[in-house]
2 protein chains.
Amino acid sequence: MRASASKKPPGTNTELKIKAAARVVFHKKGYAGTRTRDIATEANMNLALLNYYFKSKKHLFELVMLETVTTFFQTMGFVFNDESTSLEKKIELVAEKYIELIMKEPQLPLFMMSEIRNHGASILEKLPAANMILNSVFIKQFKEAADKGKISEPDPIHFLMNIMGLIVFPFISSPMIKKIGKLNDHQFDSLMLYRKKRIPVWVKAMFK
Amino acid sequence: MRASASKKPPGTNTELKIKAAARVVFHKKGYAGTRTRDIATEANMNLALLNYYFKSKKHLFELVMLETVTTFFQTMGFVFNDESTSLEKKIELVAEKYIELIMKEPQLPLFMMSEIRNHGASILEKLPAANMILNSVFIKQFKEAADKGKISEPDPIHFLMNIMGLIVFPFISSPMIKKIGKLNDHQFDSLMLYRKKRIPVWVKAMFK
DNA sequence: GTCTATAACGTGATAGAC
DNA sequence: GTCTATCACGTTATAGAC
């Protein structure tokens, strides 16, 4: 006999299954490209259940989107606001955490970028991501290093763009990369694991 | 009195207008997100004309897509296969040409990546892009430099990913970048112009 | 070639039985 | 809570007049 163990209501089982299926399909096909029927099928559920648990396709999408974007920025937030790690260590951790995250969910970056372009402002408004980053320990450490002349580029926005570009771009362009490099999925993953170690080295060299 | 100047039939005027409108709308909203009515409106045309000149939405899309992808890779092809320029010069030219191209059409990279993910293989099969790059003068020069120990990373695929990541990622993530950096459109463009000069420097430092 | 009207179909959502 | 059947609507595509 199982006691009702959790403190917060986790939602029913079917509700969770639907949301998980929605995540998979939305991430793969985007909002405009997914059919609610695809989600139902992916969840092994009836179509009517989608509208019973979640009012509409739009509402379900917004739930998924918010969770996805939150996850993405939290990964950065945890690393960037750790008082106990150095600037160099933070670069290593960001590369490590993001490459691990995206290897588990390769669709994530392209999904986020596409849908933010389409549904734009409204998504980003809901998140305190901008200030979370601007006021982070990371930025403070970066500016200190820049003031001491240890960094050749004073604007941290380039630092951020470069790190994230090196991490994220290969995943976004993976079909092309695989084609050009004549790589299968496994070989592509190996390259990304290799980059996990090399990106911090490259970044340090760039800004030295 | 205008002579019929061109050698190849350019298509009628309305046909070209429709295709131009289709490019704009498809680039902005993607295949699944665009309505044929949107294209007709953008072109100031009647909806029926779309199907008269181009058989279907899908067919029109494939024309646009092929032209877009071709343009994208040709930009790389011209630079990479110039026998008269050095490896270093090629890096400068790629950064310059792509940043200029994408500043004129900011939707281009995200459109390409998204639609290649969806309609996948079929698009890339039509292009000899992979071999064009692999057999390029650029790759030859890269390998020569690597053999002489002038480059710390022997696999050119990382070189390519890094250059393109530094160039393309900021555009793909521009809504986030603008939010995080509290930038307006003009300030964002200034950053990209700055990067046009800096990316070659960064790339050289990375692989030295 | 261009237009209006409409057919044919797909999709989001709901009613109502169980 | 779950299912089947169906509605209401938007969208692509075409028929047919001009």
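Chain naming here is simple, since letters A, B, ... match the order of the sequence lines and numbering starts at 1 in each. Scope of the values below: all heavy atoms of this structure, side chains included, with no hydrogens, waters or symmetry mates.
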Closest-nucleotide ordering on DNA chain C, the 5'-leading residue of B:Met45 and A:Ala48: B:Met45
Inter- and intrachain pairs under salt bridge (Lys or Arg N to Asp or Glu O under 4.0 Å), touching residues 27-41 of chain B, at least two apart: B:Lys29-B:Asp38
Close approaches to DNA chain C from residues 12-21 of chain B, in residue order (heavy atom, under 4.0 Å): B:Thr12, B:Thr14
Interface polar pairs with nucleotides 10-13 of chain C, N/O, under 3.5 angstrom:
unit_1 : atom_1 : unit_2  : atom_2 : d
C:dT11 : OP1    : A:Arg35 : NH1    : 3.0
C:dG12 : OP1    : A:Lys57 : NZ     : 3.2
C:dG12 : OP2    : A:Thr36 : N      : 2.8
C:dG12 : OP2    : A:Thr36 : OG1    : 2.7
C:dG12 : N7     : A:Arg37 : NH1    : 3.0
C:dG12 : O6     : A:Arg37 : NH2    : 3.4
C:dA13 : OP2    : A:Lys57 : N      : 2.8

Between C1' of C:dT14 and OH of A:Tyr53, the distance in whole Å: 17 Å
Set of ring pair (Phe, Tyr, Trp, His ring centres under 6.0 Å) partners for A:Phe159, sequence neighbours left out: A:Phe138, A:Phe142, A:Phe207
Span of DNA chain D in contact with chain A (heavy atoms, under 4.0 Å): D:dG1 to D:dT4
side-chain hydrogen bond (donor to acceptor under 3.5 Å, both in side chains) involving B:Glu42 - partner list, sequence neighbours excluded: none
Sugar-phosphate only, base, or nothing, as touched by B:Tyr52 at under 4.0 Å among non-hydrogen atoms: base
Name the atoms and distances for all side-chain donor-acceptor pairs under 3.5 Å in residues 124-135 of chain A, with sequence neighbours left out.
unit_1   : atom_1 : unit_2   : atom_2 : d
A:Asn131 : OD1    : B:Lys182 : NZ     : 3.3
A:Asn135 : ND2    : A:Asn131 : O      : 3.2

Output a table of donor-acceptor pairs, distance under 3.5 Å, between side-chain atoms of residues 62-79 of chain B and any protein atom two or more places apart or on a different chain; print 'none' if there are none.
unit_1  : atom_1 : unit_2  : atom_2 : d
B:Glu62 : OE2    : B:Lys58 : NZ     : 3.2
B:Glu67 : OE2    : B:Lys19 : NZ     : 2.8
B:Thr68 : OG1    : B:His27 : NE2    : 3.0
B:Thr68 : OG1    : B:Val64 : O      : 2.9
B:Thr70 : OG1    : B:Leu66 : O      : 2.6
B:Thr71 : OG1    : B:Glu67 : O      : 2.9
B:Thr75 : OG1    : B:Thr71 : O      : 3.1

Test item: B:Lys197 and B:Glu92 side chains (from C-beta on) under 4.5 Å apart, heavy atoms: no
Counterpart residues, side chain to side chain contact (heavy atoms under 4.5 Å, CB included), relative to A:Thr85 (two or more places apart): A:Asp82, A:Lys89, A:Lys90, A:Leu93
Which pairs would a plain distance check flag for residues 103-111 of chain B, meaning a side-chain donor or acceptor within less than 3.5 Å of a matching protein atom at least two apart in sequence or in another chain?
unit_1   : atom_1 : unit_2  : atom_2 : d
B:Glu105 : OE1    : B:Arg23 : NH2    : 2.5
B:Glu105 : OE2    : B:Arg23 : NH2    : 3.1

Any residue meeting ring pair (Phe, Tyr, Trp, His ring centres under 6.0 Å) with B:Tyr53, in chain and number order, not counting sequence neighbours: none
Listed once per pair and sorted, the side-chain hydrogen bond (donor to acceptor under 3.5 Å, both in side chains) pairs that draw on residues 168-178 of chain A, sequence neighbours left out: A:Lys178-A:Asp185
